[in-house]
Amino acid sequence: MTSSDPKVKTDPDRSLQYQIKAGKTGEIGIVVETEAVAGHWLSIPKSALVMLLSATAVAILVVLGAYVHRDILTVLAVACAAIISLGLPRSIGAPAPRYSSTVALIFSLVSVATVRRLDDLYIAGIIFALSVVAAFGAEMARKDGRARLLDSVSTTVLTTAAAISSVAIVGLAPHGSWKLALVATSICVAISMGIFQLMRMFWAGTAQWNQILHETELEEDDLIPGNWRNETTGVYRVMNAVNHYWGITDTARTVNVLLTGVVGAALAGALYQTGVITGRNADALQKLGQYIGGGAVPALVVGLFVGLLSGLIVIISGRVLRPTSPRVSLWASVAWGVLPVVLMAMPTYALVRMGS
């Protein structure tokens with residue numbers, strides 16, 4: 001039964017995906033968030049701050065879980081999976097966010113529980129494969145005419161994959177060198193987000209955009225998508241400020257990645273000098289030293305690589321998940337902040353396995 005059937009009551013497509021370009025400049029492409037009546041909206045600067053605080057909170061909980069009790073990591077993984085499942089579909093204009101969130105939430109929580117019970121991360125791959133089938137089943141359950149079917153399936157699958165990545169937080173525990181690796185990568189991601197937030201405040205040319213975002217108040221009528229096209233309106237000016245504030249420049253993003261790499265190398269060097277790196281971590285560095293040199297060189301190289309990768313994940317996440325209106329929902333802001341830390345846990349697991 002399709003939406004053309006007169007017996008079917010078809011709700012309007014609440015995702016409201018408008019691709020509106022401003023004149024010949026092509027600067028603005030608008031996607032209004034699904035949460036048209038969300039109760040908690042944040043300005044762009046506040047959203048960026050919430051992202052940083054969310055990533056920092058996850059990093060702190062990772063440290064506590066690694067060195068106090070592993071169950072803290074289990075609770076953290078469950079929370080991250082839930083936040084990503086509930087926040088991500090609505091923030092990217094999913095056609096049926098409830099269905100996407102339901103599938104992602106169920107399968108990500110099952111993955112976390114199963115991996116925690118069996119201490120086997122490979123089972124998460126099987127669960128994810130089953131979630132792809134469930135994504136199509138969810139579309140069959142929709143009663144809204146299944147608008148933008150391909151977009152909906154893609155959103156469900158990608159959200160589930162991101163949420164299931166939370167299992168790496170608990171899946172690392174059976175491996176002897178997991179604590180230091182997980183803690184270091186989580187801290188590097190939080191530091192990278194902190195560096196970029198400072199760039200938004202002090203990078204050359206950002207002062208005017210910050211002023212616009214802090215001083216301009218938009219009325220509800222201004223958020224009508226048709227208003228984005230008019231270069232004479234205040235909302236056009238605000239959207240230019242949003243784009244510049246969020247991404248700054250290509251140079252700034254590159255500098256952020258490089259600075260995070262330097263910070264990662266510095267942290268690794270400090271850990272090496274204080275003798276914190278022991279056990280399998282030390283054995284892995286010693287083996288690596290046979291190829292690139294001894295002493296602190298292996299630790300510096302690994303730290304540099306981890307820092308660069310952390311910065312790269314933060315920048316890519318910021319480019320893919322970015323505000324397309326002058327305000328962002330609270331759920332989206334928290335999910336965007338948690339996601340880079342969760343995504344970084346997967347390559348961390350791969351590094352630990354290779355090192356052991």
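Scope of the values below: all heavy atoms of this structure, side chains included, with no hydrogens, waters or symmetry mates.
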How long is the span from the [atom1] atom in [X] to the [atom2] atom in [Y], to the nearest 0.5 Å?
X: Ile169; Y: Leu73; atom1: CD1; atom2: CG; result: 7.5 Å
X: Ile60; Y: Ile72; atom1: CD1; atom2: CD1; result: 12.5 Å
X: Ser111; Y: Ile106; atom1: OG; atom2: CD1; result: 11.5 Å
X: Ile316; Y: Leu343; atom1: CD1; atom2: CG; result: 10.0 Å
X: Leu130; Y: Phe107; atom1: CG; atom2: CZ; result: 6.0 Å
X: Met344; Y: Ser317; atom1: CE; atom2: OG; result: 11.5 Å

Are any non-hydrogen side-chain atoms of [X] and [Y] less than 4.5 angstrom apart?
X: Phe196; Y: Thr260; result: no
X: Arg116; Y: Arg70; result: yes
X: Val167; Y: Met346; result: yes
X: Val75; Y: Leu61; result: no
X: Trp336; Y: Pro323; result: yes
X: Arg200; Y: Ile248; result: yes

Practice item. Verify side-chain contact (heavy atoms from CB on, under 4.5 Å) between Ser192 and Asn256, making sure each step is shown before the conclusion. Key: CA-CA 7 Å; Ser192 179; Asn256 175 263; 3.1 Å; yes

Can you name the nearest heavy-atom pair linking [X] to [Y], along with the distance?
X: Ser166; Y: Val342; result: N-CG1, 3.5 Å
X: Ala59; Y: Ser186; result: CB-O, 3.8 Å
X: Ile313; Y: Pro340; result: CG2-O, 3.9 Å
X: Ser152; Y: Ser100; result: O-OG, 3.8 Å
X: Val157; Y: Phe128; result: O-CE1, 3.7 Å
X: Trp246; Y: Gly318; result: NE1-O, 3.1 Å

Check whether [X] and [Y] end up in the same hydrophobic cluster, where Ile, Leu, Val, Met, Phe, Trp and Tyr are linked by side-chain heavy atoms less than 4.5 Å apart.
X: Ile187; Y: Leu300; value: no
X: Tyr349; Y: Leu118; value: no
X: Leu258; Y: Val255; value: yes
X: Leu180; Y: Val68; value: yes
X: Val302; Y: Tyr291; value: yes

Review point. Quick one: salt bridge (charged side-chain N to carboxylate O under 4.0 Å, His left out) partners of Arg322, sequence neighbours excluded?
Key: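 For Arg322, no residue satisfies salt bridge (charged side-chain N to carboxylate O under 4.0 Å, His left out) once neighbours in sequence are set aside.
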
Practice item. Report the residue from Val63, Leu53, Val338 that forms a side-chain contact (heavy atoms from CB on, under 4.5 Å) with Val58. Key: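 Per the side-chain contact (heavy atoms from CB on, under 4.5 Å) rule, the option paired with Val58 is Val338, out of Val63, Leu53, Val338.
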
Point to revise | Evaluation steps, side-chain contact (heavy atoms from CB on, under 4.5 Å), between Thr251 and Trp203 | key: CA-CA 10 Å; Thr251 302; Trp203 190 264; 4.1 Å; yes

Exercise for review: List the steps, then state whether side-chain contact (heavy atoms from CB on, under 4.5 Å) holds for Trp331 with Leu86.
Suggested key: CA-CA 8 Å; Trp331 267 114; Leu86 298 175; 4.1 Å; yes

Hey, does the side chain of [X] reach the backbone of [Y] with a donor-acceptor pair shorter than 3.5 angstrom?
X: Thr159; Y: Thr156; value: no
X: Ser154; Y: Asp151; value: no
X: Ser108; Y: Thr160; value: no
X: Tyr272; Y: Gly295; value: yes

**Study point:** Sequence-distant partners of Leu158, side-chain contact (heavy atoms from CB on, under 4.5 Å), two or more places apart
**Key:**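 side-chain contact (heavy atoms from CB on, under 4.5 Å) check on Leu158 returns nothing, list empty.
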
Check your understanding: Is it the case that Thr185 and Thr348 place a side-chain donor and acceptor less than 3.5 Å from each other?
Key ->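 Yes - a donor-acceptor pair under 3.5 Å links their side chains.
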
Review point. Please walk me through it: do Leu309 and Phe305 pass side-chain contact (heavy atoms from CB on, under 4.5 Å)?
Key: CA-CA 6 Å; Leu309 184 58; Phe305 174 77; 4.3 Å; yes

Exercise for review: Give me the ring orientation class for His244 and Trp209: parallel if the planes are under 30° apart, tilted from 30 to 60°, perpendicular past 60°.
Suggested key: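 The rings of His244 and Trp209 lie parallel, inter-plane angle below 30°.
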
Check your understanding: Take atom OH in Tyr67; do more than 12 heavy atoms of anything else shown fall under 6.0 Å from it?
Key ->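 Counting neighbours around OH of Tyr67, more than 12 heavy atoms of other residues, nucleotides or ligands fall under 6.0 Å, so yes.
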
